[in-house]
**Q** 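This structure is in structure tokens; I'll ask about it shortly.
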Amino acid sequence: MVSRVQKQKVVTPEITRGGWVASGVAAERRATSDTSQTIKAKRTRQNLLDAARLTFAEYGYTQATVEQIVAKAGVARGSFYTYFESKLDIFRHLVALIDKSIEREVVSFERRHSGNPIDNLLISNRNYLAVVRANADLYRLVEEVAAQDKSVNEARIRSRREHISRVASSIRRWQSHGLADSTIDAITTATALVSMLSGVAQWLQMSDVTISDHDAVESLTKIWISACGLQSGAVLP
């Protein structure tokens with residue numbers, strides 16, 4: 001005799017190095033969390049981000065787990081999946097803080113200011129070094145994770161291309177107003193300058209060199225001036 005009660009299919013959640021990938025109720029809560037951000041919810045989410053940053057700094061990305069993150073945050077495991085899909089997802093949210101800081105402290109500054117390009121370069125370069133210093137732990141993690149995850153590496157490349165394109169636009173603007181060497185190629189020069197600035201900024205945080213930010217900014221800006229052929233005292237209209 002065939003039973004009238006059909007057996008339900010048991011779905012086992014996928015396991016990753018970071019822990020279970022949430023589905024069902026947890027996934028539904030996460031999907032609606034962005035539209036129901038109470039003060040408590042925002043505090044819990046930020047608490048998880050802070051805990052993840054500390055956990056990654058302590059264990060590295062590969063060895064860190066969701067269990068360690070929620071333990072440091074002092075919340076239940078289910079709370080993690082209310083806000084983030086996985087260990088990689090919360091890492092991506094942390095790395096997004098770098099781009100937000102650069103947008104706020106460097107890109108927005110450049111958009112707001114005309115006038116003397118050299119003065120603007122000094123401030124912009126100083127702001128960039130400050131962003132890298134404040135996020136040195138995340139920059140180190142990006143290098144680690146980019147070697148393992150294609151999406152993180154692609155995001156890093158995309159960000160670099162955007163910075164190069166922005167600097168190239170500035171160089172062309174300087175050239176169009178007769179303030180920079182008209183014979184240099186904007187893209188090639190921007191690629192070299194952005195790569196130099198990024199490399200030096202990260203090296204200052206990873207090595208035991210004793211160069212002050214002030215001296216670094218002065219030297220880096222002089223290199224930018226020389227590479228672009230910027231005229232001292234030149235002012236944009």
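These numbers were taken from a predicted model, which means no experiment stands behind them. The first residue of the sequence shown is numbered 1, and numbering continues consecutively from there.
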**Q** Side chains of N153 and Q148: does their closest heavy-atom pair fall under 4.5 Å?
**A** no
**Q** Who pairs with Y128 by ring pair (Phe, Tyr, Trp, His ring centres under 6.0 Å), at least two apart in sequence or on another chain?
**A** none
**Q** Has the side chain of T82 got a donor or acceptor atom that lies under 3.5 Å from a matching backbone atom of G78?
**A** yes
**Q** What are the two closest non-hydrogen atoms of D215 and S212, and how far apart are they?
**A** N-OG, 3.1 Å
**Q** So do Y139 and E143 actually touch side chain to side chain, heavy atoms under 4.5 Å?
**A** no
**Q** How far apart are the closest heavy atoms of V217 and R126, and which atoms are they?
**A** CG2-CA, 3.6 Å
**Q** Between R156 and D149, does at least one N-O distance fall below 4.0 Å, as a salt bridge requires?
**A** no
**Q** Determine whether the side chains of R160 and T191 contain a donor N or O and an acceptor N or O closer than 3.5 Å.
**A** no
**Q** Between F56 and K87, is there a side-chain heavy-atom distance shorter than 4.5 Å?
**A** yes
**Q** Atom CD1 of I184 and atom CZ of R172: how far apart are they, to the nearest 0.5 Å?
**A** 10.5 Å
**Q** Using every non-hydrogen atom in the two residues, find where P117 and W174 come nearest and quote the distance to one decimal.
**A** CB-NE1, 3.7 Å
**Q** Do you know the tightest heavy-atom contact between A180 and L230?
**A** CB-CD2, 4.1 Å
**Q** Starting at CD of Q231, measure out to NE2 of H177 and round the result to the nearest 0.5 Å.
**A** 13.0 Å
**Q** Donor-acceptor pair, T55 side chain versus A51 backbone, under 3.5 Å?
**A** yes
**Q** Between the side chain of Q205 and the main-chain N/O of V132, is any donor-acceptor distance below 3.5 Å?
**A** no
